[in-house]
There are 2 protein chains.
Amino acid sequence: MASSRADPYRALFHKLAMLNSLSAEELDGIKSLPLRPQRFRAGATIISSGQLVSECCLLVEGYACRHKLASDGGRQIVSFHVAGDILDIQHLLFEKADHNVQTITDAEVVFFPMRDLRRLIEERPEVGKALWRDCLVDASIFREWVLNVGRRDARMRIAHMLCEFAAKCEAAGLGSPAQFTLPMTQEDIGDATGLTSVHVNRMLRQLADEGLIARAGREIRIADWPRMQEAADFQPDYLHLAA
Amino acid sequence: MASSRADPYRALFHKLAMLNSLSAEELDGIKSLPLRPQRFRAGATIISSGQLVSECCLLVEGYACRHKLASDGGRQIVSFHVAGDILDIQHLLFEKADHNVQTITDAEVVFFPMRDLRRLIEERPEVGKALWRDCLVDASIFREWVLNVGRRDARMRIAHMLCEFAAKCEAAGLGSPAQFTLPMTQEDIGDATGLTSVHVNRMLRQLADEGLIARAGREIRIADWPRMQEAADFQPDYLHLAA
DNA sequence: ATCCAAGGTTGATCCGGAGCAGCCAAACGT
DNA sequence: ACGTTTGGCTGCTCCGGATCAACCTTGGAT
């Protein structure tokens with residue numbers, strides 16, 4: 001990871017540009033928001049469930065996830081995030097966090113005061129629309145995850161999770177299905193798919209044995225992307241990457 | 001079900017009033033939207049995945065659900081809906097449906113042209129804020145469902161689903177945990193919780209044997225609400241029913 | 001009054017993934 | 001260079017929930 005600070009807006013603007021046509025004034029509006037950068041170590045908790053939140057958190061570099069805890073202590077990851085993702089836009093309208101946000105790798109984030117963001121949205125409704133759209137994509141992904149953990153078997157669940165992550169990385173300019181980094185542990189993958197890390201390990205091996213993926217450390221290569229999508233029941237429509 | 005048409009706004013305004021302080025002008029703006037009422041039989045499909053949608057669908061009476069299909073034909077219900085719920089607000093910003101909307105009972109809905117709704121939101125940003133909030137609540141519920149199907153055992157999953165539905169019904173003025181109607185079949189409950197209808201049946205019996213619920217036809221009574229919430233790991237915060 | 005279709009109920013068997021245990025390899029701090 | 005920690009890997013056993021198969025109940029339709 002680079003030791004110098006990355007441009008905090010690059011990844012976000014790259015994402016916004018794909019789907020929304022924001023004017024230079026609107027982007028300047030975002031740039032003029034006061035911000036507070038902060039670095040977190042891998043595994044650090046950025047936001048805890050129940051906490052009152054008055055800032056909006058943008059992931060600038062690294063990887064993060066959101067998760068909830070069951071009464072028996074079981075952890076369910078509900079989303080993975082890459083640079084450019086806003087991690088808690090829901091606090092624009094809710095005071096209290098209903099889930100946790102945690103880093104997966106060392107990460108750099110910036111915080112915007114929610115109050116200033118609200119004002120910007122009032123002045124520049126197009127910015128609000130872009131962020132609203134982002135919420136809707138999030139919700140669509142959650143729906144797909146309900147399907148994934150509710151109705152697919154272990155092998156397919158993991159294949160699907162890999163496809164989605166590959167697609168997200170590609171959209172963020174962090175690689176392609178043919179070559180990307182899988183930053184999370186097998187334990188994390190288990191917590192995202194409702195499986196144990198032991199079983200994740202076996203399924204990854206099986207996918208590799210089938211020639212669907214090739215692993216080298218944390219680098220993953222999917223040689224035959226259409227075949228992998230088929231095996232994963234992955235239809236990327238729900239990511240709404242195209243307008 | 002009453003044969004005469006219900007006031008299409010009553011349930012929606014009841015819900016909006018709980019969390020948003022919309023002015024009379026803003027509510028009148030909603031009332032002035034052109035609308036097209038339509039009745040559907042139980043089990044009818046209102047919106048199909050992949051379809052282009054240019055109207056917004058409000059459930060006025062009856063019950064509905066949203067679901068996705070896996071490649072093996074398995075159905076995963078991702079949400080249940082009661083009167084007052086908007087069933088597809090995401091089409092405000094997405095053209096194409098990424099999941100299906102289906103009635104559970106005979107139902108009455110009204111359609112608003114999305115174009116007019118967009119215009120209203122531009123003129124009355126508070127209306128947009130109220131709808132945005134609704135999307136965020138939806139997303140929060142999806143996250144809880146991921147946890148439910150990913151990390152809870154069958155008994156708890158069903159108990160949780162019952163608690164959530166009871167809370168939603170109560171908020172909509174359709175009963176209370178002490179007495180409400182469960183309109184869906186055990187097959188539906190299975191499709192929502194990632195279980196088979198056979199196993200749903202056994203778990204419902206078990207919950208009844210434990211005295212947590214009492215069933216009479218499709219009427220459910222939860223005598224000891226705190227004990228049931230405990231058994232279900234149900235903490236209603238994620239529904240964001242309070243401001 | 002009778003038929004029939006849905007949905008609810010119960011029993012028997014099977015299997016996918018959990019749980020447990022232990023080992024190995026790489027990365028890290030000192 | 002060395003111990004320690006963290007994550008990856010593998011074998012074995014067990015169980016929760018799926019699957020298959022009937023049968024029962026209820027409510028419409030005729």
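Below, chains carry the letters A, B, ... as their sequence lines are ordered, and counting in each starts from 1. Quick caveat: nothing in here was measured; it's all calculated off a predicted structure.
- Relative to the side chain of B:T185, the nucleotides D:dG17, D:dC9, C:dG8 differ in distance, and C:dG8 lies closest.
- Distance from the side chain of B:D153 is smallest for D:dG17 among the nucleotides C:dT10, C:dA18, D:dG17.
- Within 4.0 Å of A:R218, counting heavy atoms only, lie sugar-phosphate atoms of the nucleic acid but no base atom.
- Using bins of under 30°, 30° to 60° and over 60° for the plane-to-plane angle, the ring pair B:F234/B:W225 lands in the tilted bin.
- Comparing D:dA21, D:dT10, D:dA18 against the side chain of B:V198 picks out D:dA21 as the nearest.
- The two residues B:G62 and B:T105 come nearest to each other via the heavy atoms CA-OG1, 3.5 Å.
- Nucleotides of DNA chain D nearest to A:R151 and A:Q186 differ in position, and the one nearer the 5' end is that of A:Q186.
- The base of C:dG19 lies close enough to the side chain of A:R202 for a donor and an acceptor atom to sit less than 3.5 Å apart.
- Counting any heavy atom pair closer than 4.0 Å across all strands shown, A:L204 reaches no nucleic acid atom.
- With hydrogens and angles ignored, the 3.5 Å screen pairs no side-chain donor or acceptor of A:N100 with any backbone N or O of A:K68.
- Rounded to an integer number of Å, the gap from CZ of A:R152 to P of C:dG16 is 19 Å.
- Between the CG atom of B:D188 and the P atom of C:dG7 there is a distance of 8 Å, given to the nearest Å.
- Ring orientation note: the planes of A:F165 and A:F180 are tilted relative to one another, at an angle of 30° to 60°.
- Atoms NE2 (A:H199) and C1' (D:dC14) sit 15 Å apart, rounded to a whole Å.
- Proximity of B:N201 to the phosphate of C:dT9: a side-chain N or O atom is located under 4.0 Å from OP1 or OP2.
- Rounded to whole Å, the distance from CE on A:M184 to P on D:dG8 is 11 Å.
- C:dG19 atom C1' lies 14 Å from atom CG of A:D72, rounded to whole Å.
- Within 4.0 Å (heavy atoms only), B:R157 reaches no atom of the nucleic acid at all.
- Residue-level contact check: B:T196 touches the bases, meaning some heavy atom is under 4.0 Å from a base atom.
- Atom pair B:L195:CG and D:dT19:P shows a separation of 11 Å (rounding to whole Å applied).
- One atom, CZ of A:R155, and another, P of C:dC15, lie 19 Å apart when rounded to the nearest Å.
- At distances below 3.5 Å, at least one donor-acceptor pair connects side-chain atoms of A:S176 with backbone N or O atoms of A:A178.
- Atom CD1 in B:I104 sits about 15 Å away from atom C1' in C:dG7, given to the nearest Å.
- If you check every strand for non-hydrogen atoms under 4.0 Å, B:G194 touches sugar and phosphate atoms only.
- Note on B:R215: only backbone sugar-phosphate atoms sit closer than 4.0 angstrom, heavy atoms only; bases stay farther off.
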